[in-house]
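This report concerns only the one structure given below.
We're numbering straight along the sequence, starting at 1. In each ligand, atom 1 is the first atom listed, and ligand 1 is the first ligand listed. Only heavy atoms go into these numbers, but all of them, side chains included; no hydrogens, no water, no symmetry mates.
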Amino acid sequence: MATILDGKAHADRMLESVRLGVEDRKAKGLRAPGLAVVLVGDDPASHVYVRNKSAACAKVGITSIEHRLNADTPQAVLDALIDRLNADSEVDGILVQLPLPKGLDSKEALHRISPAKDVDGFHPMNQGLLLEGLPGLRPCTPSACMSLLAHHGVDLKGLRAVVLGRSEIVGKPMALMLLEQHATVTIAHSRTKDLPGVCREADLLVAAVGRPGLVEGSWIKPGAVVVDVGINRIEDPALGQRIFAAEPRKLETLRSKGAVLCGDVRFGEAMLVASAVTPVPGGVGPLTIAGLLTNALMAANA
Ligand code: GUN
C-alpha cells in the first residue's frame with residue numbers, strides 16, 4: 001500500500017511558517033502584509049475559493065482586502081482597479097480570481113498587475129524569471145507541490161517525471177520547477193500518443209488535467225510517486241461506477257450525497273501500485289492557498 005501524502009498537514013506547516021514571518025515583521029515595527037483579492041461575477045466555485053483565502057489570511061495575520069465587481073464590469077473598470085491597487089502602498093499582493101466572466105480579457109488583467117505584487121506568479125516577468133531559474137513570485141500550486149515533495153524527501157535528481165497537463169497555472173510551471181531540480185521532464189497532454197505508456201515511464205507522475213479518474217492504476221509505474229492536482233466534482237452515477245471500482249467509500253458518498261470530489265487519478269487503484277499518492281480532497285487543494293500566502297509574505301518582505 002502506498003503512503004498517503006497529506007496535503008492538509010503540509011499546508012498547515014507552510015501556514016505556520018507564514019504566521020511566524022508575519023509576527024517577525026510586526027516585531028520589527030512593520031505592518032501586516034496586505035493581500036487584495038479581486039472577484040468579478042458570481043462563479044460559485046470562485047466564491048468558495050475566495051472565502052477560504054480570506055479565512056486563511058485571518059489565521060496567519062495577513063490583511064485581506066476583497067474587491068467584488070459585477071459580472072458585467074467593463075474591462076476599463078477592472079483595469080482601473082488594478083492600477084489603483086498597484087499604486088496602493090498598503091497592498092503587497094494582488095490576486096484576480098479566475099476564471100473571469102465572458103467579455104473580460106484575463107491576460108490583459110494579469111499582465112497589468114505589477115510583477116512585484118503578482119502573488120499568483122502569472123505575469124510574464126515572473127514566468128520569465130522562472131524560465132531563467134531566477135528568484136521571483138512563482139505559481140502557488142506547483143511551488144507548494146514542490147515543497148510537499150521536498151518535505152517527504154523525494155529526491156528529484158535524475159527521476160523521470162511526467163506532468164500530465166500543460167496549463168499556465170500548473171503544468172508548464174511545474175515542469176520548469178522539476179527541471180530546475182534536475183528531473184528529466186516530459187509534459188504530456190490530450191494529444192499525446194500512447195498516454196498510458198508515457199505515464200507508465202514516470203517515477204513521478206503529476207496529473208493536472210481536470211479529467212476525473214483519467215489515470216488508471218495500470219498507467220502507474222510500480223513504486224512511483226503520484227501528485228494529483230485535479231479537483232473534480234462528480235454527480236454522474238455511471239461515471240462513479242467506472243472510476244470508483246476500487247473506492248467503495250467514494251461510491252457510497254456519491255450515492256448518499258449526490259456528488260463527490262475526486263482527482264484526475266483513480267486513488268484506490270493508485271494506492272495499490274504507487275509508493276506515495278496525494279488524496280483528493282486533502283492533497284494538493286489545501287496547498288494552493290498556503291503557496292499563495294507564502295507569496296504574499298514574500299512580496300511584502302521584498
Ligand atoms: N482560479 C483557480 N485557481 C486559481 C489560482 O491559482 N489563481 C487565481 N487567480 N484564480 C484561480
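In this structure, the protein non-hydrogen atom closest to atom 10 (N) of ligand 1 is Leu98 N, 3.0 Å.
On a distance-only criterion, Asp120 and ligand 1 share at least one N/O pair closer than 3.5 Å. In terms of N/O distances under 3.5 Å, ligand 1 is approached by Val96. Residue Gln97 has at least one N or O atom closer than 3.5 Å to an N or O atom of ligand 1.
Ligand 1 is approached by Leu95 to a heavy-atom distance shorter than 4.0 Å.
For Arg51, the side chain to side chain contact (heavy atoms under 4.5 Å, CB included) partners are Val48, not counting sequence neighbours.
In this structure, Arg211 places its CZ atom where only 12 or fewer heavy-atom neighbours from other residues, nucleotides or ligands lie under 6.0 Å away. Environment of CG in Asp42: sparse, with no more than 12 heavy atoms of neighbouring residues, nucleotides or ligands closer than 6.0 Å.
The existence of a salt bridge linking Lys117 and Asp92 is excluded, since no basic side-chain nitrogen approaches an acidic carboxylate oxygen closer than 4.0 Å.
In this structure, Arg25 contributes its side chain and Arg31 its backbone to a donor-acceptor pair below 3.5 Å.
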